[in-house]
Amino acid sequence: GDSVTQTEGLVTLTEGLPVKLNCTYQTAYSDVAFFWYVQHLNEAPKLLLRSSTDNKRTEHQGFHATLHKSSSSFHLQKSSVQLSDSALYFCASNYGNEKITFGAGTKLTIKP
Amino acid sequence: GPKVLQIPSHQIIDMGQMVTLNCDPVSNHLYFYWYKQILGQQMEFLVNFYNGKVMEKSKLFKDQFSVERPDGSYFTLKIQPTALEDSAVYFCASSYGTGDDEQYFGPGTRLTVL
C-alpha cells in the first residue's frame with residue numbers, strides 16, 4: 001500500500017551544523033505531491049515545503065528538498081540549523097487524493 | 001496568514017459521554033479535514049468533507065464518529081459515546097482545493113477521556 005517512511009525518530013544536533021531528515025515513499029500513483037510539515041511544541045503543524053515536480057529543488061526558510069522519483073525520496077536539508085528549528089518534522093503525501101498521509105515524524109532537537 | 005480556529009483547546013470527559021469538537025475553518029475554503037494525533041506520534045487522517053458530504057474516511061473513523069457543517073458554521077466532529085482510546089489531540093484542517101493545495105491546520109483540541 002501507499003506509505004511514507006521517515007527513518008529517524010530522533011535527531012539531536014549542535015547549532016550551526018547541517019541536517020538531513022530522510023523521507024522515502026512507496027506508491028503506485030504517478031501524480032502525487034509531497035510535503036514537509038513542521039510542528040513546534042503544542043502548536044499546529046505548518047507547511048514548510050511542498051513539491052510535485054521531479055528533480056526540482058524547493059526552498060523555504062533555509063530548508064530545501066528535492067523530489068526524486070527515481071529513488072522515491074523527498075529528503076529535507078538545511079545547511080546550518082538554529083535553536084528555533086527544534087520541532088517535530090513530518091514528511092507527507094497526498095497520493096493523488098485529498099487526504100494527507102503522514103510519516104511517523106522526526107523529532108529534531110538543536111543544542112547550543 | 002489564514003487561520004483555522006478550534007474550540008475548545010482542551011476537553012476532559014468521562015468515558016461514554018458525548019463530545020463535540022468545533023472547527024472554524026478558513027473562510028473561503030471548501031474542503032475540511034479531521035486528523036488524530038496520539039501524543040508524540042504521527043498524525044493520522046480521520047475524515048474529509050466537501051459540499052456537505054463525507055468524501056473519504058479512514059479505519060480510525062469509527063461508527064461512533066460523525067461530522068457535519070450545518071449552515072456553513074463550525075465544522076464539527078462528534079464522538080458518541082467516547083472511549084478511552086479516543087484520548088488524543090484532534091486537528092482540524094481546511095483547504096481551498098485539493099491536489100497540492102496547502103491544508104491549513106488548527107491548533108488542535110486535546111481530548112482526554114477518563
Side-chain angles (χ1 to χ4, degrees), chain A residues 1-10 21 23 25 29-54 56 58 60-61 65 67 74 86-109, chain B residues 1-7 9-10 21 23-26 29-51 53-61 67 88-110:
Chain A
D2 301 320
S3 63
V4 176
T5 301
Q6 293 179 250
T7 51
E8 308 96 358
L10 293 168
L21 304 184
C23 174
Y25 63 88
Y29 291 100
S30 57
D31 185 21
V32 296
F34 288 88
F35 311 87
W36 276 100
Y37 279 86
V38 56
Q39 185 180 22
H40 288 93
L41 191 62
N42 298 323
E43 294 185 9
K46 293 177 186 173
L47 182 66
L48 181 60
L49 291 172
R50 63 179 158 186
S51 179
S52 54
T53 306
D54 197 14
K56 182 180 177 183
T58 62
H60 186 61
Q61 295 181 342
L67 178 61
F74 190 55
S86 293
L88 199 54
Y89 290 80
F90 291 103
C91 183
S93 175
N94 70 343
Y95 286 131
N97 57 29
E98 291 76 28
K99 71 176 186 182
I100 292 182
T101 299
F102 287 88
T106 299
K107 184 177 180 181
L108 179 63
T109 302
Chain B
K3 287 197 173 181
V4 175
L5 305 177
Q6 289 188 242
I7 301 165
S9 56
H10 292 82
L21 309 183
C23 171
D24 187 10
V26 177
H29 283 185
L30 303 174
Y31 294 83
F32 313 108
Y33 315 80
W34 283 104
Y35 293 86
K36 177 181 179 182
Q37 185 182 39
I38 294 174
L39 189 63
Q41 297 182 22
Q42 73 195 93
M43 278 201 299
E44 295 186 272
F45 169 81
L46 284 177
V47 66
N48 58 9
F49 191 84
Y50 169 74
N51 199 26
K53 298 175 186 173
V54 169
M55 296 173 63
E56 185 177 0
K57 54 187 179 181
S58 73
K59 288 183 287 188
L60 294 178
F61 194 79
V67 292
V89 179
Y90 291 83
F91 288 97
C92 173
S94 70
S95 65
Y96 180 75
T98 59
D100 64 350
D101 266 21
E102 181 175 354
Q103 290 187 18
Y104 290 84
F105 285 79
T109 293
R110 182 178 299 278

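Numbered from 1 within each chain, the chains take letters A, B, ... in sequence-line order.
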Within the 4.5 Å heavy-atom criterion, are B:Met43 and A:Pro45 side-chain neighbours or not?
yes
Checking A:Lys107 now: which residues fulfil salt bridge (Lys or Arg N to Asp or Glu O under 4.0 Å) with it, not counting sequence neighbours?
none
Checking the side chain of A:Gln6 only, and the main-chain atoms of A:Gly105 only, is there a donor and an acceptor separated by less than 3.5 Å?
yes
Among B:Phe32, B:Tyr90, B:Trp34, B:Tyr35, exactly one meets ring pair (Phe, Tyr, Trp, His ring centres under 6.0 Å) together with B:Phe105. Which residue is that?
B:Tyr35
Counting only non-hydrogen atoms closer than 4.5 Å, does A:Tyr37 touch chain B with its backbone (N, CA, C, O), its side chain (CB onward), both, or neither?
side chain
Contact class of A:Leu47 relative to chain B, heavy atoms under 4.5 angstrom
both
Check the orientation of A:Phe34 and A:Phe74. Use parallel for under 30°, tilted for 30 to 60°, and perpendicular for over 60°.
tilted
Out of B:Arg110, B:Glu44, B:Gln37, return the one with the most heavy atom pairs under 4.5 angstrom to chain A.
B:Gln37
Let me know if A:Gln39 has heavy atoms under 4.5 Å from chain B in its side chain, its backbone, both or neither.
side chain
I'd like to know which of A:Ala44, A:Gly9, A:Ser52 tops the heavy-atom pair count under 4.5 Å against chain B.
A:Ala44
Given that the side chain runs from C-beta out, which part of B:Glu102 has a heavy atom under 4.5 Å from chain A: side chain, backbone, both or neither?
both
